[in-house]
Number of protein chains: 4
Amino acid sequence: MPERAPSRGRPRDIDAGRRILIAARDLLLVDGYAALSIDEVADQAGVAKTTLYRRWPTKDHLIVAVVALMQDDVPILDTGDIRADLTDYLRQVADGLNTMRRAGLPESADDRSAGVVAEIAAAAARHADLGTLIRAVFARRNAMAIGLLASAARRGALRTDLDVAVLFDQLVGPLYYRILVTGEPVDHPYLDLIIDGALRGARPSHAHPA
Amino acid sequence: MPERAPSRGRPRDIDAGRRILIAARDLLLVDGYAALSIDEVADQAGVAKTTLYRRWPTKDHLIVAVVALMQDDVPILDTGDIRADLTDYLRQVADGLNTMRRAGLPESADDRSAGVVAEIAAAAARHADLGTLIRAVFARRNAMAIGLLASAARRGALRTDLDVAVLFDQLVGPLYYRILVTGEPVDHPYLDLIIDGALRGARPSHAHPA
Amino acid sequence: MPERAPSRGRPRDIDAGRRILIAARDLLLVDGYAALSIDEVADQAGVAKTTLYRRWPTKDHLIVAVVALMQDDVPILDTGDIRADLTDYLRQVADGLNTMRRAGLPESADDRSAGVVAEIAAAAARHADLGTLIRAVFARRNAMAIGLLASAARRGALRTDLDVAVLFDQLVGPLYYRILVTGEPVDHPYLDLIIDGALRGARPSHAHPA
Amino acid sequence: MPERAPSRGRPRDIDAGRRILIAARDLLLVDGYAALSIDEVADQAGVAKTTLYRRWPTKDHLIVAVVALMQDDVPILDTGDIRADLTDYLRQVADGLNTMRRAGLPESADDRSAGVVAEIAAAAARHADLGTLIRAVFARRNAMAIGLLASAARRGALRTDLDVAVLFDQLVGPLYYRILVTGEPVDHPYLDLIIDGALRGARPSHAHPA
DNA sequence: GATTAAACGAGACGGTACGTCGGGTCTTATT
DNA sequence: AATAAGACCCGACGTACCGTCTCGTTTAATC
């Protein structure tokens, strides 16, 4: 186990990091990516810029941290009803994406911009470490969803002739594709279609062998 | 229709635009997005910044133009063998994405960055007009691919109980998802898996009713 | 003669430089060296920071330019009365120094600080080019004063057994010494003492041979 | 008188102050003023910044302390030969100044920067207490030199019609002037000229009345 | 051929934000 | 109570790049 290094010097202000993240998230969601400046975040958080930079060496790092924070606490249930569980999961994913997509925009309902989502992707693309980091975040969350599929496959609720990882990509991929590329809406009806498409050929979800 | 104003004054240098695009593309592919500054592009193209801005009002516009240029001439064939045609199409898409993903990087084969792809998405997200523009480019190309699916469906080579647009999303979405989000490789084996997944349940592609 | 290079590109705004210098001088004399920030100067001058930095690459460079500006237009007269002329000259020098010494200070009459004078010296010490520059400014002005002494020497109004350059140092050196080192006042009585000391042994200034 | 509080707690590390001064001096003389940051000094001295600030409240205070340290032990002799004594004294002053002027510079013999000397003056100008302090140091040393002149005057080795304080300024002032302002060298020949200038009109130093 | 209108090269300009540096203060645990 | 360590606040610095502007110069089309 890792030996906890003896605390030397003044310890970091645990609250400062929290306040920074909150300020950044608020600015991001309210005013959008462009409006988010480091100085402003530091101001809002009541923190010196140096304190911020000590934790996140770059604006991109900060942004990604904010997003990672927003990915937490997404509970995934395995009720045995694979279709219901998937619907639930995809709705959570879509909600998160839609929230970020619309960050900083008024009420213009017809907007098709990828908004903050694209900026995050770009940020991760610019820094290798951020890529690894955010992929880890996603991997952790995805692992649970993939587990869902795997368990469904085990009980025969899915066709067994396919890789659950690929199946997962085909469930989630279209959402990102629409958000980031085509700009088409990602709403509940669309999610149902996606699930239909992915599960087709599967036996009925509630199939309990007699 | 817009009356073409009678040509007065010095005509635009037809070659300038071309040289700008080339310079931009080279910088983008060789040195990566970060190295591409407007001043640098103008320099490389041997052109004044004014000349550049007269054609593209924004750096983002220029970038998107470069990418649109790279999307040209993707022939799509309908041989009747839907699996083969899809494979062909997806490989072209994947090749384009992989090229952009690796722009500006040496030979570090293990790179998982989304590279330029993400920057394009971000650029499109920042300007509504660019979004529309690039979506039009994609739509045009996609229309052909969707036509492929539709004709296959008509001849019964696909299950008819699903929307070909959704099916298309499930074919292409995963590619973008991997490129932009998970960073996983998008290679030929993966494409085969995707196609398998999407076509499963379909009758054999060459199914000729006895 | 130097061929005037053909003007290419937008010419520099002659007024901008002037406004910057004025703003800098005002800030310097009113608020003192510490209060003078580049951002503030640019603001006051109604100019972008880049415009300022295009002219003076460093805060130190700007400050020195300000001082050089203040050294202009110091008329030196040669009336034939060497004592009177010297008095006049030294008073001008002393006035300039005393003004800079007191820059940014209220009315605390007992102040002995070298104030801005020392900061200038330090700035010149930090950058070789500034040293050369400011020495050139001083040399130009000093040349006139030394000319004064030389002409007096020629007409026999001074002892001829000494180097006028050294004599000059002994006139001016004490002023700087007091300002920069001992902090003692440099007022009119002191100037008279200095001149007395330097001219002692000389024949009466108005000595016109019969 | 201030009651010395009974010693409680850990006593001050007597060596720390010494190590700090040495580190500061070394940095100053070797790398120049710019390279001297408080953090660096503390590092080099193997001391925490708190320890340093407990002794000197400001970087400027530390610098001045370093210089004061270097001014120690300048013996002044009164041999009765005023010219010889003055020469000796001025050489010591000049040596000190030249050492500081060249601090942090390689072997570029043609350098005319005032170097650290100007920084000291600036430091003293920024803090009233430092001004007083350093003036006291100088005053103590100068008093001896002025005593030299006074005793020479008493024995009639100097003209009596002038203030020895002013005479002193005219001896020392030029050195500082050259160092801080004109950048000209302050070498032995120059010192001789200065002394000649100041003593001219005086009777020969060894003049023993017949 | 003179005029004219727009494109062009060059580079200054306004503006905004970034990330860095250094000074000096504070908070822990340790001595 | 001093120390080591290092986090913290603050303020300014100099840089980078964007997109605009202002010159003087060139290039056709028009008069």
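Each chain gets a letter, A, B and so on, in the order its sequence line appears, and its residues count up from 1.
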Novice: For A/Asp13 and C/Leu36, take the nucleotide of DNA chain F holding the closest heavy atom to each; which residue's nucleotide lies nearer the 5' end?
Specialist: A/Asp13
Novice: For B/Asp60 and F/dG19, give me the distance from atom CG to atom P, rounded to whole Å.
Specialist: 7 Å
Novice: Distance check: side-chain N/O of D/Arg12 vs OP1/OP2 of E/dT31, anything under 4.0 Å?
Specialist: no
Novice: Any chance you could lay out the side-chain contact (heavy atoms from CB on, under 4.5 Å) test for C/Leu36 and C/Lys59, step after step, and finish with the verdict?
Specialist: CA-CA 9 Å; C/Leu36 185 142; C/Lys59 181 177 172 178; 3.8 Å; yes
Novice: Heavy atoms only: give me the nearest D/Ala124-D/Leu130 pair and the separation to one decimal.
Specialist: CA-CB, 4.1 Å
Novice: Would you indicate, yes or no, if E/dT28 has its OP1 or OP2 atom less than 4.0 angstrom from a side-chain nitrogen or oxygen of A/Arg8?
Specialist: no
Novice: Starting at NZ of B/Lys49 and ending at P of F/dG19, how long is that distance when rounded to a whole Å?
Specialist: 9 Å
Novice: Measure CZ/A/Arg126 against P/E/dG19 and give the value in whole Å, please.
Specialist: 10 Å
Novice: Expressed in angstrom and rounded to an integer, what is the separation of B/Leu52 atom CG from F/dG19 atom P?
Specialist: 10 Å
Novice: Measure from the side chain of A/Arg54, starting at C-beta and using heavy atoms only, and say which of E/dG14, F/dC8, F/dC10 lies closest.
Specialist: F/dC8
Novice: Would D/Gln44 and D/Leu27 count as a side-chain contact (heavy atoms from CB on, under 4.5 Å) here? Give the steps.
Specialist: CA-CA 9 Å; D/Gln44 299 266 331; D/Leu27 277 170; 4.1 Å; yes
Novice: When the distance from CG of A/Asp15 to P of F/dC8 is rounded to whole Å, what number comes out?
Specialist: 11 Å
Novice: E/dG15 P sits how many Å from C/Asp39 CG, rounded?
Specialist: 13 Å
Novice: Identify, between D/Arg19 and C/Lys59, the residue whose nearest nucleotide on DNA chain F lies closer to the 5' end.
Specialist: D/Arg19
Novice: So, does D/Thr58 get its side chain near the phosphate of E/dG24, meaning an N or O under 4.0 Å from OP1 or OP2?
Specialist: yes
Novice: Roughly, in whole Å, what's the span from CD in A/Glu40 to C1' in E/dT16?
Specialist: 13 Å
Novice: Just how far, in rounded Å, is P of E/dC18 from CD1 of C/Ile38?
Specialist: 21 Å
Novice: Identify the two heavy atoms, one from D/Ala65 and one from D/Leu21, that lie closest to each other, and give their separation to 0.1 Å.
Specialist: CB-CD2, 4.0 Å
Novice: Closest nucleotide of DNA chain E for D/Ala34 versus for A/Pro57: which of these residues is on the 5' side?
Specialist: A/Pro57
Novice: Within the structure, does a side-chain N or O atom of B/Arg55 lie under 4.0 Å from either OP1 or OP2 of E/dC8?
Specialist: yes
Novice: How is D/Ser37 classified with respect to the nucleic acid when contacts are heavy atoms under 4.0 Å: base, sugar-phosphate, or nothing?
Specialist: sugar-phosphate
Novice: OP1 or OP2 of F/dA4 sitting under 4.0 Å from any side-chain N/O of D/Thr51?
Specialist: yes
Novice: Nearest to the side chain of A/Arg10, which nucleotide is it out of E/dA7, E/dG11, E/dC26?
Specialist: E/dC26
Novice: Classify A/Gly46 by what it touches in the nucleic acid, base, sugar-phosphate, or nothing, heavy-atom distance under 4.0 Å.
Specialist: sugar-phosphate
